[in-house]
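This report concerns only the one structure given below.
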Amino acid sequence: MLTSSTEQAESLIRSTNARVTKTRVKVLDFLMAQSQSMTHHEIQQALSQDSDIDSVTLYRVLEWLTENELVHRIAGGDQVWRFSAGGGHQAHEHAHFQCNKCATVTCFNEVKLPAPVALPEGFSGGDVDYLIKGLCPRCK
């Protein structure tokens, strides 16, 4: 019997009109249950306890979930990608905080962002990342 979170993960994947695979569902379901962003390595370690998802397959699944806006990919100050569920509706229109001690990355959806940067003529902006570094409440 499927849990409601598994059913929700399946439904979100199905909404992309793509094939629903066991691995996509497992990874998305796992990320939806997390309270913080996780690295590829952390996800693989957590899923390896009851799954045989190899590193390359996990990378491809995370890329697919990101491209389909089901997962949010965050570039940390340490140049390591972190992933969290719920990508599409947020679309990087929020700030991130990375703890200097534990390296945890947190999305700040309610923090007001600065005004957009006015680029010189001929330049067209794309993604803008807002990364705030400091100490999280656990490490203070």
Side-chain angles (χ1 to χ4, degrees):
M1 182 171 169
L2 297 176
T3 64
S4 64
S5 65
T6 302
E7 290 170 350
Q8 184 181 7
E10 282 184 13
S11 176
L12 288 168
I13 292 167
R14 192 170 288 108
S15 73
T16 68
N17 294 319
R19 194 164 56 103
V20 177
T21 68
K22 183 172 78 171
T23 306
R24 287 175 180 173
V25 172
K26 184 174 221 46
V27 172
L28 182 57
D29 186 24
F30 173 77
L31 286 173
M32 289 168 48
Q34 305 309 306
S35 61
Q36 64 188 33
S37 303
M38 300 184 74
T39 67
H40 176 277
H41 180 71
E42 291 168 335
I43 296 166
Q44 187 171 16
Q45 279 197 319
L47 293 179
S48 70
Q49 296 170 5
D50 65 347
S51 177
D52 59 347
I53 300 173
D54 64 78
S55 183
V56 173
T57 301
L58 178 58
Y59 175 78
R60 288 181 180 148
V61 167
L62 289 169
E63 285 298 308
W64 184 88
L65 291 169
T66 301
E67 288 169 9
N68 286 276
E69 298 184 346
L70 299 176
V71 165
H72 177 58
R73 181 171 60 189
I74 305 157
D78 55 4
Q79 303 303 310
V80 175
W81 289 113
R82 288 170 175 78
F83 301 86
S84 63
H89 65 281
Q90 296 171 356
H92 274 95
E93 296 298 323
H94 60 273
H96 301 107
F97 180 91
Q98 184 169 18
C99 180
N100 290 330
K101 189 169 184 180
C102 69
T104 300
V105 175
T106 306
C107 291
F108 284 172
N109 295 316
E110 305 303 320
V111 172
K112 185 176 168 122
L113 298 178
V117 175
L119 297 174
E121 188 175 331
F123 289 87
S124 176
D127 291 334
V128 176
D129 292 320
Y130 295 97
L131 181 64
I132 303 160
K133 294 181 183 180
L135 292 176
C136 70
R138 289 187 318 231
C139 294
K140 246 183 157 177

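Positions are given from 1, in the same order as the sequence printed here.
The main-chain N or O of V56 is found under 3.5 Å from a side-chain atom of D54 such that the two form a donor-acceptor pair. Panel note: side chain S11, backbone Q8; no donor-acceptor pair is recorded below 3.5 Å. Although no hydrogens or angles enter the test, the distance criterion places no donor-acceptor pair under 3.5 Å between the side chain of H40 and the main chain of W81.
Distance check: Q36 CD to C99 SG gives 10.5 Å after rounding to the nearest 0.5 Å. The line from CG of L28 to OG1 of T6 is 9.5 Å long, rounded to the nearest 0.5 Å. Taken from CG in N100 to CG in D78, the straight-line distance is 10.5 Å, to the nearest 0.5 Å. Atom-to-atom distance recorded for I13:CD1 and T21:OG1 is 6.0 Å, nearest 0.5 angstrom. Summarising the geometry, atom CD1 belonging to I43 is positioned 6.0 Å from atom CG belonging to L58; distances are rounded to the nearest 0.5 Å. E7 CD to D29 CG: the interatomic distance, rounded to the nearest 0.5 Å, is 10.0 Å.
Q45 pairs by the side-chain contact (heavy atoms from CB on, under 4.5 Å) definition with H41, not counting sequence neighbours. Scored by the side-chain contact (heavy atoms from CB on, under 4.5 Å) test, V117 finds L119 as partners (sequence neighbours excluded). Legend: residues meeting side-chain contact (heavy atoms from CB on, under 4.5 Å) with A18, ordered by chain and number and at least two apart, are T16, R24, W64.
Residues Q98 and R82 are in side-chain contact: their nearest non-hydrogen atoms beyond the backbone lie under 4.5 Å apart. Two residues are said to be in side-chain contact when any heavy atoms from C-beta on lie closer than 4.5 Å; C136 and K101 fail this criterion. Counting heavy atoms from C-beta on, the side chains of L31 and L70 never come closer than 4.5 Å. Residues H72 and H96 meet the side-chain proximity criterion, which asks for heavy atoms closer than 4.5 Å.
Summarising the hydrophobic clusters (Ile, Leu, Val, Met, Phe, Trp, Tyr; side-chain heavy atoms under 4.5 Å, direct or chained), the residues clustered with L135 are none. Cluster partners of F97, by chain and number: F108, V111, I132. The rule joins Ile, Leu, Val, Met, Phe, Trp and Tyr whenever side-chain heavy atoms lie under 4.5 Å apart.
The shortest non-hydrogen separation linking V25 to A9 is O-CB, 4.0 Å.
Criterion: ILVMFWY side-chain heavy atoms under 4.5 Å apart, direct or through other members. Under it, V20 and L12 are part of a common hydrophobic cluster. A single hydrophobic cluster is not seen to contain both V80 and L131; linkage of ILVMFWY side chains at heavy-atom distances under 4.5 Å, directly or through other members, places them apart. Hydrophobic clustering of Ile, Leu, Val, Met, Phe, Trp and Tyr side chains at less than 4.5 Å, counting indirect connections, unites L47 with V61.
By the neighbour-count criterion of 12 heavy atoms within 6.0 Å, atom CG of D52 is sparsely surrounded, having that number or fewer from other residues, nucleotides or ligands.
Identified under the side-chain hydrogen bond (donor to acceptor under 3.5 Å, both in side chains) test for residues 131-140, with sequence neighbours left out: T104-R138.
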